[in-house]
Every structure is written in structure tokens, then in C-alpha cells.
Amino acid sequence: MGRMTATTPRRVLLAAPRGYCAGVDRAVIAVEKALEQYGSPVYVRHEIVHNKYVVQTLEKKGAIFVEETAEVPEGSIVMFSAHGVAPTVHQEAAERKLATIDATCPLVTKVHKEAVRFAQEDFDILLIGHEGHEEVIGTSGEAPDHITLVDGPEDVANVEVRDPSKVVWLSQTTLSVDETMETVGALKEKFPLLISPPSDDICYATQNRQTAVKQMGADADLVIVVGSKNSSNSVRLVEVALGAGAGASHLVDGADEIDEAWLDGVSTVGVTSGASVPEVLVDGVLAWLAERGFEDVEIVKAAEESIVFSLPKELRRDLRAEAAALRGE
């Protein structure tokens, strides 16, 4: 361990909030309830949430994940992931006579509705987000003729609009708050009449998890973020930790991906997890750290979260019908 001495106190700073947000919780429960209600298989278009462990666990229970609607046999049940889908996907599902359950996060749905409304009013919509991300594909599909993707501040120079007095920005919900505002600032310089969306569209969970990491990052020699590589909000947490002054930060799917060498010369380890990460994976990381002398855990609390979303309406309807039948109504 080099310059570490036996007297250096080792501690863990555990971020709160971390892990599951309301939209993820709802989507995962929706798959589990659908499997109970209709039996397997239930087809899910795209990973229900961007987490390897969650997807594998649901596969074991009988969920089948597909990339395209065309892969779902006619007449089957298909669930749309928390990231949302474009209207064309709803049409494809109808043509294949699929029963759909829409597990799109309500906060993503809100952005979709804003896109539709601004397109109807003939605005040019500048969508801040990462090219190829499922949420961006879904939102863009609501108004493809009106939406231009802006992938970060360096993309602003290339943006062209029809009428600079009719421009609005929207964003992917899981970006870093700072990165988004930097892009918005650059867009406002180019288009002074740029309108902001009616509400702050960075989701509450993304914001809260980043705030907690900022508070913790400055004090941590190492920040471990639990999350999958394709999880946008988890990747951002690593960037936010480094930006806040953490000595190092790494993204891991679980404790088995931690490299013991990261602990060299480290006395304070920060731990957090992305919005699609079950707490069992964080527990594994804490246990791994405890075995190596990091037993002292201190919670760094940035916000209280009490938001809960009700299950997708199609599922609620069938669960209600079944409950009524059981009561003999």
C-alpha cells in the first residue's frame, strides 16, 4: 500500500439518493406483474432498463428481450421499455396485432408531449442528447421533421434552423445537468430568442443523484459508481464525480469488477449507483469494501425522494379485472 499507514482511517461515503428511480421501479415491476398475469413469454422491446443484472434476472423469469417489434410473434404481448418509443413503433405493434404494455417513464412521456406540441406550433426543436440513445430515438420520432439533435456544446456550431425566432430546446432526461446547461448557453448565444421548455426536463432522479455525488466527490479519493456501461445516467455520475474533485472514479456492474489496485493510497471511497441499479448490487460493493477494512459507512444525503408512479394503465386494467373476477363480480 506504499505510503498508507495502519492509522489512516478508512471510510465509505454512501450517496443518497442512489439507485432505482420511480420510472425504473415501475418498469421492472411491470415486467414481473405481466409475467405473473399472462405467463411467459412476455416480450420486451429493448432492455426494459439499462442494467445487465436486471435484464438477466427478468430473462430467467421468462421475459424475452428483442431489438425490433418485427421479432415479436403475432398476437403476443410486447412491453415498451422505460426509455419510450417512437409513434412508428406503436403502429408496427398494431399491425402485428400485439397487445402492448407501455412502461415508458412518465417523465419521458412528458418530453414526448412537449415535442408534439411545439411541432404542431411549427417550432424548430433542438433536442439535447446522445445520438443513438433509445430515449432520443423515441422523442425524435414524435416529430422527425422538426427535431434536430444537439449532442453537446461542440455540436452547436452545426445547428441550422428555419426561423431563429421560433426555436425551442428539449433534452434527454438522463444527461448531466451541467452539460445540458452548457449546451443551452451555447445555443442561446447563437439563437437569442431560443425558448426553454415549460418545465425543467432533466429528471428529478438524475439531478438528485448528481447532486449527492458532487457533495461526496470532493472528499473522496475514489468514487465507485455501480451501473452498466450503456446506462447514460450512470456514465454521467462518473463524470460528475471527477468534476467535483474525486481522485478517481470507475463504473462497475458489481463488486466482481472492482480492481483492488484502485484502493492503493486510498482512505475515502465514495459509492453510488445509477437510476436502473438494484440495491443488492450496491450491498455487494459495500461488503467487498468492508472485507478490505472499509467498514465505516457514512451517508451523504442530498435529497428526499418520495415519488411513486402507478403501473402502466394496460396492466392496471387487467389486474383490476382479475381481482373483480376473483371476488365474483
Side-chain angles (χ1 to χ4, degrees), residues 19-86 88-109 132-135 137-138 141 173-174 205 226-234 253-254 256 273-284 308-323:
Y20 272 17
C21 59
V24 164
D25 198 40
R26 166 187 192 257
V28 174
I29 291 172
V31 179
E32 292 172 342
K33 290 266 191 228
L35 286 164
E36 284 169 29
Q37 176 76 13
Y38 312 115
S40 65
V42 166
Y43 290 86
V44 183
R45 189 182 180 283
H46 283 308
E47 296 189 352
I48 186 73
V49 297
H50 285 153
N51 185 269
K52 216 160 74 173
Y53 174 88
V54 172
V55 167
Q56 287 167 354
T57 305
L58 292 171
E59 278 176 337
K60 286 188 193 116
K61 293 182 181 177
I64 297 178
F65 293 88
V66 298
E67 283 307 300
E68 296 305 333
T69 318
E71 297 171 56
V72 182
E74 290 218 355
S76 302
I77 294 171
V78 66
M79 187 172 292
F80 298 136
S81 79
H83 315 99
V85 297
T88 50
V89 174
H90 286 279
Q91 287 158 11
E92 287 165 12
E95 282 160 17
R96 293 187 67 77
K97 302 191 172 38
L98 304 178
T100 59
I101 300 173
D102 190 353
T104 303
C105 172
L107 300 179
V108 173
T109 300
H133 189 278
E134 281 150 46
E135 188 190 327
I137 293 167
T173 58
T174 51
V226 185
S228 291
K229 308 279 182 288
N230 64 337
S231 161
S232 182
N233 81 87
S234 302
D253 259 300
D256 57 337
S273 57
S276 47
V277 176
E279 191 63 4
V280 60
L281 299 178
V282 176
D283 292 341
V308 178
F309 295 133
S310 54
L311 283 168
K313 60 182 187 301
E314 307 91 346
L315 198 50
R316 285 206 310 269
R317 181 192 63 212
D318 291 349
L319 292 169
R320 269 202 309 269
E322 183 189 38

_Pairs flagged by side-chain hydrogen bond (donor to acceptor under 3.5 Å, both in side chains) wherever residues 35-44 is involved - sequence neighbours left out_ = Tyr38-Asp318

_Pair Leu319, Leu311 - check side-chain contact (heavy atoms from CB on, under 4.5 Å), show working._
CA-CA 10 Å; Leu319 292 169; Leu311 283 168; 4.1 Å; yes

*How many angstroms lie between atom OG1 of Thr173 and atom CD of Glu135, to the nearest 0.5 angstrom?*
3.5 Å

*How far apart are the closest heavy atoms of Val44 and Ala63, and which atoms are they?*
CG2-CB, 4.4 Å

*Where the side chain of Ser273 meets the backbone of Val226, is there a donor-acceptor pair that is under 3.5 Å apart?*
no

_Nearest heavy-atom neighbours spanning Val54 and Ser276_ = CG2-O, 3.8 Å

*Beyond-backbone contact of Cys105 with Phe309, side-chain heavy atoms, under 4.5 angstrom*: yes

*How many angstroms lie between atom CE of Met79 and atom CG of Leu35, to the nearest 0.5 angstrom?*
7.5 Å

_I'd like to know if the side chain of Ser228 reaches the main chain of Lys52, judged simply by a donor and an acceptor atom lying under 3.5 Å from each other, with no hydrogens or angles considered._
yes

*asked:* Are the side chains of Asn230 and Glu47 in contact, using a 4.5 Å heavy-atom criterion?
replied: yes

_Exactly one of Arg96, Glu95, Glu92 should register a side chain to side chain donor-acceptor pair (under 3.5 Å) with Thr69. Which one does?_
Glu92

*Which pairs, with at least one residue in residues 58-67 and sequence neighbours excluded, count as a side-chain hydrogen bond (donor to acceptor under 3.5 Å, both in side chains)?*
Glu32-Lys61, His46-Glu67

*Side-chain contact, heavy-atom cut-off 4.5 Å: Phe65 with Ile48?*
yes

_Could you work out, with side chain to side chain donor-acceptor pair (under 3.5 Å) as the rule, every residue matching Glu134, not counting sequence neighbours?_
His50, His83

Return a table of donor-acceptor pairs under 3.5 angstrom between the side chains of residues 20-31 and protein atoms on other chains or two or more places apart.
{"unit_1": "Arg26", "atom_1": "NE", "unit_2": "Ser310", "atom_2": "O", "d": "2.7"}
{"unit_1": "Arg26", "atom_1": "NH1", "unit_2": "Thr104", "atom_2": "O", "d": "2.8"}

*Results of salt bridge (Lys or Arg N to Asp or Glu O under 4.0 Å) for Glu322 - residues two or more places apart only*: none

*Any side-chain heavy-atom pair of Asn51 and Leu281 under 4.5 Å*: yes

*Mind listing the closest non-hydrogen atom pair of Ala82 and Val49 along with its distance?*
CB-CG1, 4.3 Å

_Asn233 versus Ala275, closest heavy-atom pair with distance_ = OD1-N, 2.9 Å

*With sequence neighbours excluded, what pairs up with Glu68 under the salt bridge (Lys or Arg N to Asp or Glu O under 4.0 Å) test?*
Arg45

